[in-house]
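Structure first, commentary second.
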Amino acid sequence: MDSPAQPRIVPCPTCGGDSIFAPSNNWRPFCSQRCRQIDLGAWANEDFRVEASPPVEDDSLPH
């Protein structure tokens with residue numbers, strides 16, 4: 001007999017706890033709505049940033 005597939009368990013990006021990565025988890029990849037909201041708040045506060053070089057001014061363009 002075939003046994004049902006085991007759900008994939010991944011670490012929650014916020015707390016690091018176990019999170020079920022399956023359609024049954026409404027908050028995936030997070031473990032809970034709380035962790036999802038914490039992550040959203042971090043984005044809103046601009047806590048996550050991508051490093052970039054300052055823009056280079058192009059002297060050939062008219063001012």
Side-chain angles (χ1 to χ4, degrees):
M1 282 189 221
D2 291 334
S3 61
Q6 294 292 335
R8 184 173 171 198
I9 305 295
V10 297
C12 173
T14 301
C15 72
D18 290 345
S19 178
I20 298 173
F21 194 81
S24 60
N25 178 359
N26 293 328
W27 306 289
R28 75 178 169 197
F30 304 99
C31 66
S32 66
Q33 183 177 15
R34 178 180 179 272
C35 282
R36 183 177 176 191
Q37 292 297 100
I38 290 170
D39 184 77
L40 179 61
W43 279 104
N45 286 331
E46 298 181 357
D47 292 340
F48 299 127
R49 297 177 185 197
V50 177
E51 286 190 37
S53 301
V56 177
E57 291 191 29
D58 188 352
D59 292 334
S60 65
L61 295 175
H63 293 281

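- Not a single donor-acceptor pair under 3.5 Å links the side chain of D18 to the backbone N or O of I9.
- The closest donor-acceptor contact from the side chain of T14 to the backbone of C35 lies under 3.5 Å.
- Annotation: the span from I20 atom CD1 to N26 atom CG amounts to 11.5 Å, rounded to 0.5 Å.
- Of all heavy-atom pairs between C31 and C15, the closest is SG-SG, 3.7 Å.
- Residue pairs meeting the ring-ring contact (aromatic ring centres under 6.0 Å, His included) criterion with at least one member in residues 9-39: none, sequence neighbours excluded.
- P7 places none of its side-chain heavy atoms less than 4.5 Å from the side chain of S24.
- Side-chain atoms of Q37 and S32, non-hydrogen and from C-beta on, never get closer than 4.5 Å to each other.
- The OG atom of S19 sits 11.5 Å away from atom CZ of R36, with the distance rounded to the nearest 0.5 Å.
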